[in-house]
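Each remark here refers to the structure printed beneath this line.
For this chain, numbers begin at 1 and follow the sequence in order.
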Amino acid sequence: YASLEPATEDAVKAFPPPPGYPTPRRFKKQTYSKEDVQKFEDRILNTYYNEFFWFPYVPKMWIHAWKNDGKKTSRKLVNRNEERWLDS
């Protein structure tokens with residue numbers, strides 16, 4: 001069972017550029033720290049699935065991260081009618 005961790009962060013903090021890589025002019029005011037790099041690496045290495053969405057002219061990035069550590073007891077069925085339709 002998946003546990004979802006949606007987040008919104010500054011683009012440079014969410015997806016830090018590699019060392020020595022020039023930061024685009026649009027993001028010059030955004031800074032990142034070693035902790036941001038560690039958080040990014042943790043998301044990449046320790047989640048089952050992750051997505052990073054960024055749109056032009058938007059300073060934020062949307063992040064969806066899924067971990068396979070959810071509990072069966074905390075699951076929620078979205079639509080029982082769809083479930084019945086699939087079973088038939």
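When hydrophobic clusters are built by joining Ile, Leu, Val, Met, Phe, Trp and Tyr residues whose side-chain heavy atoms come closer than 4.5 Å, directly or via intermediates, Phe40 is grouped together with Phe27. Clustering ILVMFWY residues whenever any of their side-chain heavy atoms sit less than 4.5 angstrom apart, transitively, puts Phe52 in a cluster other than the one holding Val58.
Other residues, nucleotides and ligands place more than 12 heavy atoms under 6.0 Å from the NZ atom of Lys28.
The shortest distance between side-chain heavy atoms of Phe55 and Trp62 falls below 4.5 Å. Counting heavy atoms from C-beta outward, Trp66 and Thr47 have side chains that stay 4.5 Å or more apart. Two residues are said to be in side-chain contact when any heavy atoms from C-beta on lie closer than 4.5 Å; Gln30 and Pro59 meet this criterion.
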Tabulate below the donor-acceptor pairs under 3.5 Å that side-chain atoms of residues 8-23 make, not counting sequence neighbours, or state none.
unit_1, atom_1, unit_2, atom_2, d
Glu9, OE2, Lys39, NZ, 3.0
Glu9, OE2, Arg43, NH2, 2.7
Asp10, OD1, Lys60, NZ, 3.1
Lys13, NZ, Asp36, OD2, 3.4

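In terms of the side-chain hydrogen bond (donor to acceptor under 3.5 Å, both in side chains) criterion, residue partners of Glu51 (sequence neighbours excluded) are, by chain and number, Tyr49, His64. Not counting sequence neighbours, the partners of Tyr48 by the side-chain contact (heavy atoms from CB on, under 4.5 Å) test are Asn68. When the ring-ring contact (aromatic ring centres under 6.0 Å, His included) test is applied to Tyr57, no partner is found at least two apart in sequence or on another chain.
The shortest non-hydrogen separation linking Ile44 to Asn50 is CA-ND2, 3.8 Å.
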